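Taking it in order: structure first as C-alpha cells, then the write-up.
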Amino acid sequence: MSMPHTAMRGLRRTGTSRVRTQLGPALALIHGGRAPTRAALGASLGVTRATAGAVAAELQALGLIQVDTNPGTPGTPGGGTLGRPSHRLTIDPGGPVALAAQIHPDGFQVALVGLGGQVVAAEDHPLATPDDPETALASVARAGARLLRSAGRACVGAGLAVQSAVAEPEGAAVSPLYVGWPTGARIRDIFTAQVQRAGIRGPAGKAPLCSAANDINVAALAEHRHGAGRDARHLLVVATGHRGVGGALVLDGTLYTGSSGLGMEAGHVSVDPRGRPCRCGSRGCLDVETDALSLLDAAGRVPRPGVSALEQATAMLRHEYAMDTMVQAGAGVVMERLGLGLAGLINVLNPDRILLGGLHRDLLAADPQRLRAAVAARSPSGRDRSVPVLGCALENGSLIGAAELAWQPVLDDPGLLDT
C-alpha cells in the first residue's frame, strides 16, 4: 500500500533549509502533544511566527497534520499568546498510519496507529501454530494487510512487539520462552519478509521499514511519550501480561537496552531462591512469582480452561478483592514478592517514577497503599524520596510502542513521505 498520490504530489516546498531542518523536531512536538498551536510550536522551536507557519504548512502538505484556518480569539483554547490568536495544529484524521502487531502466547493483535499514538483500528486473532515464527508472522502480516486495505490508509512502516528479548543488531529473539520460538530466530527479518509478501508497501511504494522489540520495552516508550511516563527522566516500567514479567527503563527519553538489546530483564530478578522453578533455569523469579498463574494459585483458585489466566486473575482482582479474604490474602503474597523485586530495582536504578502495567497495574489499583508499603519497606530510596508508583495509562501500550518504532524514521525526517 503506497502513499496517496494526491497528498504527495501536491507537496509545497518553501525552499528554505531552515524550515526543512525544523520539520522533524516540529513533528515530534506535535506527535507528543506539546505543540497544540502554531504559536506554541514556534515558542518550542525558538523560531519566528513566519517560520513556524511555514513548517506547519509543510507538515500539512505531507498529509501529517491539519492547520486550523479559523484560529480562536484571544483567551479561548485556540488563542495564542500576548492576546494574539493562533492556528491550532491537529493530527490529520486521514493521514498515514503505522502497522503495529503484538505476539503473545494466546494469539496476536494487529493495529493501525496514527500520529499522537492514536489507535485507528485494532483486531485480536488466535494463532493456530504459535511455536513457528514463520507461520505466526505470516498470519500477522496478512491480518495487517487486510486492516490497511479496509481502512484505506497509507503505511509508514511496521513494528512488532514480542514477549522476548530481541538482540541487536541482528534482530534475533533470545529465549522466547512463552511463545515457543527457537532461540536465535531472526524475527525482524522474518517479519520484514512476511510484511512484504503480504503486499504491504511503505512511502513511495517502497518496501516498508520493519522493526521488532520486546513488548514491555516498547510499552515503556509509549508511556513515556503518550501516557503516565511523560516528563519522567528516569522511568522504570514493570508489567506482567499473558505470561511472565517484563521490565524497561527509559532514560531522558531514550529506551535503555544494554550493550546488545538484552538489558532490563526484570522478570528474572529472583525474589525467592527456594521459589517456583523458572524457565530461565533459576528459581523464584518475578516471572513466575508475580504473574497471573501465581496470583490465582496464591488465592486458592484453579485456572479454568478456555479463558486465559490473565483474564481470570484480572477479573478476580477487579470484582472480588474488596469482599473475598482469600483473594486479599493471595494478592497480599504477590504484592510482597513484587514489592521486594521493585525495591531491589529502585536501589540499583534510582528511578524518578515507576509504572506498573498489565496485572501489576490491577494489583496496585486493588490496594495501592499495601503495594506501595511493600516497596517502601525494602528500599531506603523508595521510602525516603517517595518514588511515585503509578499505573500505566495506555490500554494498548505495546501496540502503540511498536508503532513508535515504525514512526521514528518519519519523526526524524518527515521528508521521507515526499514522493
Side-chain angles (χ1 to χ4, degrees), residues 1-69 71 78 80-81 86-99 112-118 120 153-159 201-209 211 221-222 224-226 230 252-255 400 403-419:
M1 182 172 290
S2 61
M3 285 288 160
H5 293 297
T6 54
M8 296 296 99
R9 289 177 179 171
L11 177 62
R12 179 174 59 83
R13 287 294 185 190
T14 64
T16 65
S17 59
R18 179 167 177 76
V19 167
R20 294 184 184 184
T21 59
Q22 296 293 341
L23 290 180
L27 186 60
L29 287 166
I30 297 168
H31 175 63
R34 300 176 187 275
T37 66
R38 214 165 62 178
L41 180 65
S44 296
L45 294 175
V47 299
T48 64
R49 287 172 62 91
T51 299
V55 168
E58 288 241 12
L59 294 176
Q60 183 173 29
L62 286 165
L64 294 167
I65 70 168
Q66 290 185 334
V67 182
D68 182 12
T69 56
T81 58
S86 181
H87 299 267
R88 290 196 64 79
L89 308 177
T90 56
I91 306 300
D92 189 328
V97 294
L99 171 62
L112 306 181
V113 184
L115 281 169
Q118 299 174 355
V120 173
R153 304 285 282 270
C155 181
V156 298
R201 295 292 177 263
K206 298 178 182 177
L209 180 66
S211 303
L221 186 62
H224 188 271
R225 292 184 177 181
H226 307 293
R230 286 173 180 264
D252 289 326
T254 301
L255 188 65
I400 294 171
E404 290 295 313
L405 300 180
W407 271 110
Q408 193 58 52
V410 176
L411 294 173
D412 293 336
D413 179 14
L416 291 173
L417 301 184
D418 181 13
T419 59

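Computed from heavy atoms alone, side chains included, the values below leave out hydrogens, waters and symmetry copies. Owing to the predicted nature of the structure, the values given are computational and were not obtained by experimental measurement.
- Closest approach of Ala40 to Ala35, counting heavy atoms only: CB-CA, 4.2 Å.
- When all heavy atoms of Val120 and Gly114 are compared, the pair lying nearest together is CG2-N, 4.1 Å.
- Scored by the side chain to side chain contact (heavy atoms under 4.5 Å, CB included) test, Pro409 finds Leu209, Leu416 as partners (sequence neighbours excluded).
- Relative ring orientation between His31 and His226 is described as perpendicular, the plane-to-plane angle rising above 60° on a 0-90° scale split at 30° and 60°.
- Minimum interatomic distance between Gly157 and Ala406 (heavy atoms only, all atoms of both residues): C-CB, 3.6 Å.
- When the side-chain hydrogen bond (donor to acceptor under 3.5 Å, both in side chains) test is applied to Arg230, no partner is found at least two apart in sequence or on another chain.
- Taking all atoms of both residues into account, the shortest heavy-atom contact from Val113 to Trp407 is O-NE1, 3.0 Å.
- To the nearest 0.5 Å, atom CZ of residue Arg34 and atom CG of residue Leu41 are 13.5 Å apart.
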Could you please spell out the steps behind the side-chain contact (heavy atoms from CB on, under 4.5 Å) verdict for Leu29 and Leu45? CA-CA 9 Å; Leu29 287 166; Leu45 294 175; 3.7 Å; yes

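- With sequence neighbours left out, the salt bridge (charged side-chain N to carboxylate O under 4.0 Å, His left out) criterion links Arg225 to Glu404.
- Under the side-chain hydrogen bond (donor to acceptor under 3.5 Å, both in side chains) criterion, Asp412 pairs with Gln408, sequence neighbours left out.
- Pairs engaging residues 36-64 under the ring-ring contact (aromatic ring centres under 6.0 Å, His included) rule: none recorded [sequence neighbours left out].
- Between Cys155 and Arg201, the closest side-chain pair of non-hydrogen atoms is not below 4.5 Å.
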Can you give me every donor-acceptor pair (side chain of residues 89-97, partner residue at least two apart or in another chain, under 3.5 Å) with its distance?
unit_1: Asp92; atom_1: OD1; unit_2: Gly94; atom_2: N; d: 2.9

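- The closest side-chain heavy-atom distance from Val55 to Val47 is not below 4.5 Å.
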Do Leu27 and Leu115 pass the side-chain contact (heavy atoms from CB on, under 4.5 Å) test, and can you show the C-alpha distance, the side-chain angles, and the key distance before you say yes or no? CA-CA 9 Å; Leu27 186 60; Leu115 281 169; 3.8 Å; yes

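- Note that CD1 of Ile30 and CD1 of Ile65 are 4.0 Å apart. Values are rounded to the nearest 0.5 Å.
- Taken to the nearest 0.5 Å, the CG atom of Leu23 stands 12.0 Å off from the CG atom of Leu411.
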